[in-house]
Amino acid sequence: MRAQVGIVGAGPAGLTLAHLLHREGIESVVLEDRGREHVEQRLRAGVLEQAIADLLVDAGAGERLRREGIVHHGIELQFDSERHRIPLSDLTGGRAIVVYGQTEIVKDLIRLRVDADLPLLFDVSDVSVHDLESERPSIRFSHDGGEQILECDVVAGCDGYHGVCRPSIPAGVLSEFSREYPFGWLGILAAVPPSNDELVYSHHERGFALLSLRSPELSRLYVQCRPDEDLAEWPDARIWEELQLRLGLEGWTLAEGPILEKGVTGMRSYVAEPMRFGRLFLAGDAAHIVPPTGAKGLNLALHDVRLLAEALTSWYRSDSSELLDGYSDACLRRVWRAEHFSWWMTSLLHRFDSADDFDLKLQLSQLRYVTSSIAAATSLAENYVGIERV
Ligand code: FAD
Ligand code: DHB
């Protein structure tokens, strides 16, 4: 097999890259080690920066996003039993966020690719990448019982944090930066209309909680938990009880409904630099992870592949490697901005077991500041809706 670009991973990064390249007439093959159904059902992020929603719409992949995506112009921060609105659009010259599930983006992109009869292989195994420092890198994998080799000009490592591409880079090449957090999120999807018109991020003595949504009929809610929390200890009634305590306000109740899914997500910050080795380019979670507070993970992945698609297009069209050579630095500027913002939102809103009263007072002071100072609220807002120029 041969393709101009071999893409490992059919998550949001790999599928969007394949789509953007196709629109520029560049052929790619996408290799995914899970099945289509698994990839389409994997419940993850749901908040898109306006620029990322626009990217998908402008690339012809946003037809359903435009119809079903829910535009939000603000978020609420809750602490000390009060809610405070951050008017995102008023503070950012009219920019907004769009609530549209990662599952839906992935379904839309897979459908476009399958309908166009373009190569996307699910259930591949034993994927390995080779000759990355040569002009003919290759990807070996098994599919339908046979071993195959995909020869390409460039390999795009879009295979997430646990993928094979980053670990294939020889020791000593990458610098790695990371932080573990002593908690996780227990997330649920519930068949009940969201109880608030906007997202609520709640700082509470029992731990952080978040009210979000996926559609007018589906709520998405999270509570801070232990990183290794055992779901067996969380029957539905306990989850609702905890959410009621952490999100509850006088005169307002959280509507409950059947829980359709639940899961625990660990929290980590991680960056590998540079995002390139020879002809291998890393994008999305394969190169960096943020804790979910602030909803940056999916957005960062799509910012990366937009730059990668532009750089590859320029390389093929004009034979100039300038953009490809600048790819890693250009991505990392935004990555580090998002790393700081996600770490800051996480530190502001969660309960740390190690925290003493001094830490708590600092958190509350900062929360009061971002909800009362226009300068501080604007800083939060512009990071949340996505910084235009980093
Ligand atoms: P991924 O979505 O991880 O896609 C990588 C793909 O590569 C996967 O399909 C994987 O199966 C495939 N793959 C892996 N190894 C191989 C291999 N060897 N060969 C072939 N294919 C391979 N972000 C938010 O903003 N908000 C959230 O609420 C949120 N929740 C999350 C919950 C969880 C459990 C996780 C893991 C992440 C969450 N994120 C969230 C982060 C966000 O979902 C990711 O940043 C986003 O999925 C990144 O997209 P990606 O395409 O880079 O990686
Ligand atoms: C969601 C996830 C986030 O991490 C966040 O900050 C906001 C919303 C969500 O899954 O809806």
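As the structure is a prediction and not an experimental result, all values here were calculated from the model. Just so you know, residue 1 is the first one in the sequence shown, and it goes up from there.
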Consider only side-chain N and O atoms of H203 and Q363, and report whether a donor and an acceptor are under 3.5 Å apart.
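There is such a pair (donor and acceptor under 3.5 Å, judged by atom type) between the side chains of H203 and Q363.
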Mind running ring-ring contact (aromatic ring centres under 6.0 Å, His included) on H350 and Y181 for me, showing each step along the way?
CA-CA 10 Å; H350 290 74; Y181 300 86; 8.0 Å; no
Quick check on [X]: does its [atom1] atom have over 12 non-hydrogen neighbours (other residues, nucleotides or ligands) under 6.0 Å away?
| X | atom1 | result |
| --- | --- | --- |
| Y369 | OH | no |
| R111 | CZ | no |
| I374 | CD1 | no |
| E147 | CD | no |
| E322 | CD | no |
| R2 | CZ | yes |
| D123 | CG | yes |

Would you indicate whether the side-chain heavy atoms of [Y] and [X] approach each other to under 4.5 Å?
| X | Y | result |
| --- | --- | --- |
| F183 | D353 | no |
| D304 | Y327 | yes |
| Y384 | T92 | no |
| I97 | V71 | no |
| W185 | V264 | no |
| L121 | F141 | yes |
| R83 | N196 | yes |
| N383 | R337 | yes |

Measure from NZ or CZ of R166 to the centre of the six-membered ring of Y161 and say whether it is under 6.0 Å with the direction within 45° of the ring axis.
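Yes, a cation-pi geometry holds between R166 and Y161.
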Would R136 and E151 count as a salt bridge (charged side-chain N to carboxylate O under 4.0 Å, His left out) if you check the C-alpha gap in whole Å, the side-chain angles of each, and the deciding distance to 0.1 Å?
CA-CA 7 Å; R136 271 296 129 86; E151 291 184 341; 5.7 Å; no
Rounded to the nearest 0.5 Å, what's the gap from CG on L308 to SG on C158? Could you check?
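The SG atom of C158 is 7.0 Å from CG of L308, to the nearest 0.5 Å.
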Would you tabulate the side-chain donor-acceptor contacts of residues 225-233 under 3.5 Å, counting partners in other chains and residues two or more places apart, or write 'none'?
residue: E229; atom: OE1; partner: R226; partner atom: N; Å: 2.8
residue: E229; atom: OE2; partner: W234; partner atom: NE1; Å: 2.9
residue: D230; atom: OD1; partner: A232; partner atom: N; Å: 3.0

Is it true that R85 and E198 make a salt bridge, defined as a side-chain N closer than 4.0 Å to a carboxylate O?
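Yes.
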Is the shortest side-chain N to carboxylate O distance from E49 to K296 below 4.0 Å?
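Between K296 and E49 there is a salt bridge, with a charged N closer than 4.0 Å to a carboxylate O.
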Quick one: side chains of residues 5-23, donor-acceptor pairs under 3.5 Å with protein atoms, not counting sequence neighbours, listed by atom name and distance.
residue: T16; atom: OG1; partner: P12; partner atom: O; Å: 2.6
residue: H19; atom: NE2; partner: A59; partner atom: O; Å: 2.6
residue: R23; atom: NE; partner: A59; partner atom: O; Å: 3.3
residue: R23; atom: NH1; partner: A59; partner atom: O; Å: 3.1
residue: R23; atom: NH2; partner: D58; partner atom: O; Å: 3.4

Review item, side-chain donor-acceptor pairs of residues 272-283, under 3.5 Å, at least two apart:
residue: E273; atom: OE2; partner: W336; partner atom: NE1; Å: 2.7
residue: R276; atom: NE; partner: G278; partner atom: O; Å: 2.8
residue: R276; atom: NH1; partner: D325; partner atom: OD1; Å: 2.9
residue: R276; atom: NH2; partner: G278; partner atom: O; Å: 3.3
residue: R279; atom: NH1; partner: E135; partner atom: O; Å: 3.4
residue: R279; atom: NH1; partner: D153; partner atom: O; Å: 2.8

H143/F122 aromatic ring centres below 6.0 Å:
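Between F122 and H143, which both carry aromatic rings, the centre distance is not below 6.0 Å.
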Classify the ring geometry of Y201 against F208: parallel below 30°, tilted from 30° to 60°, perpendicular beyond 60°.
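Rings of Y201 and F208: tilted, as their planes differ by 30° to 60°.
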